[in-house]
Amino acid sequence: MLEYAREPMALADMSVNTYNFTNYSYTLENLLRYNVTIAKDHEISALAGYQEFYYQSSWLSTEKKGLADEYATIPSGATTLISTEGSKNDNASRSWFGRLNYAYKSRYLFEGNLRYDGTSKFHPKYRWGLFPSAAVAWRITEENFMKWSRKYLDNLKIRVSYGQLGNSAASGDYDYQSNYAFTAGYSLNNVEQIAINAAKIANINMGWERTNMFNVGLDLAAFGNRLNFQADVYNRVTKGILYVPTLIPSMGNKTSASMNLANVQNRGVELTVGWKDHIKDFHYSISANMAFNKNRVLKYQGSLKQGWVTDKDGNRKWVSNLSDVSNGSTRRVLEGHEMYVYYMMPTYKGSGKHFNADGTVDINGGPVDGMIRTEDDMKWLQAMMEAGYQFSPGNTVGKNNIWYGDYIYADTNQDKIYGNSYDNEFINKSTTPRVNYGIQVSLQYKGFDFYMNWAGSAGFMLYWAPNGGYNSSNLTHGFGINKEIAYNHYFYDPEDPNNARTNIHGKYERLTVGNAGTQNNVASTRFLHKGDFLKLKNLVLGYTLPIKRVANFRMPKIRVFLSGDNLLLFTKFPGQDPELGANPTYSSVRQFSAGLNVTF
């Protein structure tokens with residue numbers, strides 16, 4: 001048995017750290033309500049209110065070195081201050097609001113709202129915002145000419161609303177002011193000095209994000225309220241969305257000012273339908289909902305303009321204003337596109353014919369899926385290079401550059417360089433689902449009850465790329481390899497074509513180590529996967545004991561149940577759970593539970 005001895009640390013080298021966080025907040029709210037009915041037919045209600053909110057937080061961290069005693073692990077027990085850090089921030093808001101409701105014979109309905117909101121996050125000149133909204137509804141079934149339908153139709157109502165809401169949550173507490181930070185900036189007389197530098201640029205003109213929403217809706221209930229249907233069509237435009245654009249490198253490492261830059265439109269339709277009924281002791285209900293939504297950036301920093309131009313010397317060159325009108329990397333904000341639309345390199349797509357009838361290389365005849373799989377693919381690649389075409393980032397043929405089992409990328413701007421930065425393009429897809437839907441089923445028979453809830457989304461893409469050694473064909477010491485990649489990767493050795501490991505139809509690229517995998521790690525469309533999914537979110541099975549069985553215990557109702565969450569997932573997404581995104585920070589938990597409800 002081996003024993004290891006550790007020399008004790010000198011007291012002068014021992015240190016003690018402290019950290020303290022405090023926060024404080026309060027909310028004041030005052031409401032005044034008034035209701036009256038006039039001549040039986042006129043119902044009026046009003047509400048007026050005031051709300052005030054304040055929040056403050058602070059933290060302090062210190063480190064001291066040189067303990068007087070190894071057990072004196074408190075700041076006063078150390079002699080030399082090493083560091084001290086901390087910050088304090090606060091924010092406040094005030095709101096006055098009111099609401100007026102009017103109904104005539106429960107047939108014609110009106111509601112008006114008015115809010116006057118202020119926040120400390122904005123300059124006093126732009127601190128306050130007035131946000132009105134109004135809604136009207138017509139219950140058609142209350143009209144005399146609809147009496148004939150009341151045997152079948154319980155409610156038919158048309159709704160129209162328009163309103164404006166304000167949002168300040170996207171702003172930091174002091175973004176309208178210049179923010180400064182303390183850093184170890186320079187040396188003076190061989191002593192490190194603390195410097196103060198600008199951390200964030202001020203913008204006193206920033207203000208509220210304002211969302212204008214117009215909605216038309218229909219409510220229907222029929223057959224003794226057994227059938228219910230709702231439909232809403234909406235148009236929502238948010239103006240002045242706060243955004244922090246990227247600064248050019250010459251501006252230093254400070255953060256750009258928060259600015260009301262973007263206008264975004266969301267249009268959609270929401271549908272809900274349900275049916276509930278019973279057959280003697282068997283009660284059941286089923287409902288389904290579906291929402292369609294599409295967003296578009298109406299205004300940001302201008303339109304994208306790029307293409308070939310000829311300079312005064314007759315030279316053609318590619319120009320683009322992308323960096324001036326768009327922000328982001330693989331997900332960007334650009335006028336005329338979805339919010340955070342994907343922007344990346346498309347993989348090459350060829351016909352697989354390789355050469356023309358006269359023996360010349362066919363630029364469109366390369367590998368069908370963009371992977372160099374066969375010796376004919378490699379001959380085509382070499383012929384293209386000999387003809388003056390370039391293939392980034394590998395550039396040359398070789399095991400550490402472009403080799404069998406590697407992908408090549410498209411030349412979208414036709415500059416004879418396949419896969420350079422100018423070949424990135426907008427994919428017109430984002431991580432935001434265009435369709436969300438759900439199904440709920442409830443069954444009851446005597447003492448038994450059953451409930452399940454399904455939910456799903458469709459019309460979105462997830463960028464599931466190699467991440468820190470995971471989901472990668474580029475092997476890293478200490479990391480495992482994805483099972484699908486391990487069992488279905490490309491392999492071909494031109495020096496040993498009959499090798500038992502040969503798999504030229506592999507789904508994934510070749511396995512590499514180190515720089516040899518550069519060609520396959522380009523941010524490209526081959527890492528985009530459909531995120532469509534359908535999930536059984538919740539299932540519950542219960543049984544309520546008859547009262548007579550427990551009457552002696554004076555317990556009128558006892559229910560036992562079993563439930564499960566996240567039980568089933570149907571998706572083609574190769575990652576973990578598309579509902580959590582491509583690279584979730586936590587796992588989707590499949591959970592089972594059993595319980596007992598006792599009601600006295």
Side-chain angles (χ1 to χ4, degrees), residues 344-355 361-385 389-411 418-420 423 461-530 572-576 582:
M344 58 188 58
M345 195 84 64
T347 54
Y348 177 92
K349 303 293 182 183
S351 66
K353 294 180 180 180
H354 303 107
F355 296 93
V361 65
D362 181 0
I363 62 172
N364 298 315
V368 175
D369 63 353
M371 184 192 290
I372 305 299
R373 295 181 179 273
T374 66
E375 294 192 6
D376 286 339
D377 290 340
M378 182 60 74
K379 290 177 182 178
W380 174 87
L381 178 66
Q382 292 172 327
M384 287 286 288
M385 291 181 177
Y389 296 93
Q390 299 178 41
F391 291 83
S392 294
N395 297 314
T396 61
V397 173
K399 291 184 178 180
N400 291 328
N401 302 97
I402 306 177
W403 196 242
Y404 292 95
D406 285 345
Y407 279 92
I408 57 174
Y409 305 96
D411 178 20
Y418 289 74
N420 65 5
D423 293 320
M461 305 286 282
L462 294 175
Y463 181 66
W464 195 59
N467 180 29
Y470 299 101
N471 178 31
S472 176
S473 61
N474 189 235
L475 306 182
T476 302
H477 179 73
F479 287 88
I481 184 173
N482 182 287
K483 183 178 178 180
E484 286 195 30
I485 295 176
Y487 286 100
N488 196 13
H489 64 270
Y490 177 94
F491 183 86
Y492 179 72
D493 183 357
E495 298 178 359
D496 185 13
N498 296 319
N499 191 302
R501 294 178 294 168
T502 296
N503 181 20
I504 65 171
H505 301 295
K507 180 179 179 181
Y508 298 94
E509 65 274 13
R510 65 176 176 135
L511 300 183
T512 56
V513 177
N515 293 333
T518 303
Q519 185 68 25
N520 294 320
N521 289 336
V522 174
S524 69
T525 54
R526 73 187 190 89
F527 294 120
L528 279 182
H529 300 271
K530 287 186 177 181
K572 292 184 178 180
F573 176 63
Q576 184 185 23

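- Between Phe391 and Tyr418, the ring planes are parallel. Angles under 30° get that label, and only those over 60° would be called perpendicular.
- Looking only at distances, a side-chain donor or acceptor of Asn503 sits under 3.5 Å from a matching main-chain atom of His489.
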- Message: Applying side chain to side chain contact (heavy atoms under 4.5 Å, CB included) to Glu484 and Tyr508, what does each step give before you reach the verdict?
- Response: CA-CA 8 Å; Glu484 286 195 30; Tyr508 298 94; 2.8 Å; yes
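- Note that the OG atom of Ser472 and the CD1 atom of Ile481 stand 8.0 Å from one another [nearest 0.5 Å].
- No side-chain heavy atom of His529 sits under 4.5 Å from any side-chain heavy atom of Lys572.
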- Message: Apply side-chain hydrogen bond (donor to acceptor under 3.5 Å, both in side chains) to residues His354 and Asp377 and explain how you reach the verdict.
- Response: CA-CA 7 Å; His354 303 107; Asp377 290 340; 2.6 Å; yes
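- Annotation: side chain of Tyr409 is not in contact with side chain of Asp423 (no heavy-atom distance under 4.5 Å).
- Under the 3.5 Å distance criterion, the side-chain polar atoms of Asn395 are matched with a main-chain donor or acceptor of Pro393.
- Across Tyr490 and Thr374, no two heavy atoms sit closer than the pair OH-N, 4.5 Å.
- Counted within 6.0 Å of NZ on Lys349, heavy atoms from surrounding residues, nucleotides or ligands total more than 12; the atom is thus considered enclosed.
- Residue Gly419 comes nearest to Ser392 through the heavy atom pair O-CB, 3.5 Å, listed as atom of the first residue, atom of the second, then distance.
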- CA sep, side-chain torsions, deciding dist, call: Asp493, Thr502, side chain to side chain contact (heavy atoms under 4.5 Å, CB included): CA-CA 7 Å; Asp493 183 357; Thr502 296; over 6 Å; no
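- No donor-acceptor distance shorter than 3.5 angstrom exists from the side chain of Ser524 to the backbone of Thr347, with no hydrogens or angles considered.
- Annotation: the span from His505 atom NE2 to Asp369 atom CG amounts to 11.0 Å, rounded to 0.5 Å.
- The side-chain heavy atoms of Asn401 and Gln519, taken from C-beta on, include no pair separated by under 4.5 Å.
- Gln576 contributes atom CD, which lies 10.5 Å from atom CH2 of Trp464 (distance to the nearest 0.5 angstrom).
- Taking the six-membered ring where the residue is Trp, the centroids of Tyr389 and Trp380 are separated by 6.0 Å or more.
- Annotation: side chain of Arg526 is in contact with side chain of Asn520 (closest heavy-atom distance under 4.5 Å).
- Taken to the nearest 0.5 Å, the CE atom of Met371 stands 11.0 Å off from the NZ atom of Lys507.
- With no hydrogens or angles considered, no side-chain donor-acceptor pair links Tyr407 and Glu509 at under 3.5 Å.
- Between Trp403 and Ile372 the shortest side-chain heavy-atom distance does not fall below 4.5 Å.
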- Full working for side chain to side chain contact (heavy atoms under 4.5 Å, CB included) between Leu475 and Thr512: CA-CA 6 Å; Leu475 306 182; Thr512 56; over 6 Å; no
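- Within the model, atoms NZ of Lys353 and CG of Asp376 stand 14.5 Å from one another, a figure rounded to the nearest 0.5 Å.
- Residues Leu381 and Val397 meet the side-chain proximity criterion, which asks for heavy atoms closer than 4.5 Å.
- Side-chain contact between Asn474 and Asn521 is present, with at least one heavy-atom pair separated by less than 4.5 Å.
- Around the CZ atom of Phe355, the shell of radius 6.0 Å holds more than 12 heavy atoms that belong to other residues, nucleotides or ligands.
- The structure places OH of Tyr348 at 10.0 Å from CG of Asp411, a figure rounded to the nearest 0.5 Å.
- Of all the heavy atoms in Ser351 and Asp362, the pair that sits closest is OG-OD2, 4.4 Å.
- Residues Met385 and Ile402 are in side-chain contact: their nearest non-hydrogen atoms beyond the backbone lie under 4.5 Å apart.
- One finds a salt bridge joining Asp406 and Arg510 here, because a Lys/Arg side-chain nitrogen approaches an Asp/Glu carboxylate oxygen to under 4.0 Å.
- For an aromatic pair to be called close, the ring centres must be under 6.0 Å apart, and Tyr404 with Tyr492 satisfies this.
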- Query: Can you list the steps and then say if Met344 with Leu528 is a side chain to side chain contact (heavy atoms under 4.5 Å, CB included)?
  - Reply: CA-CA 10 Å; Met344 58 188 58; Leu528 279 182; 3.8 Å; yes
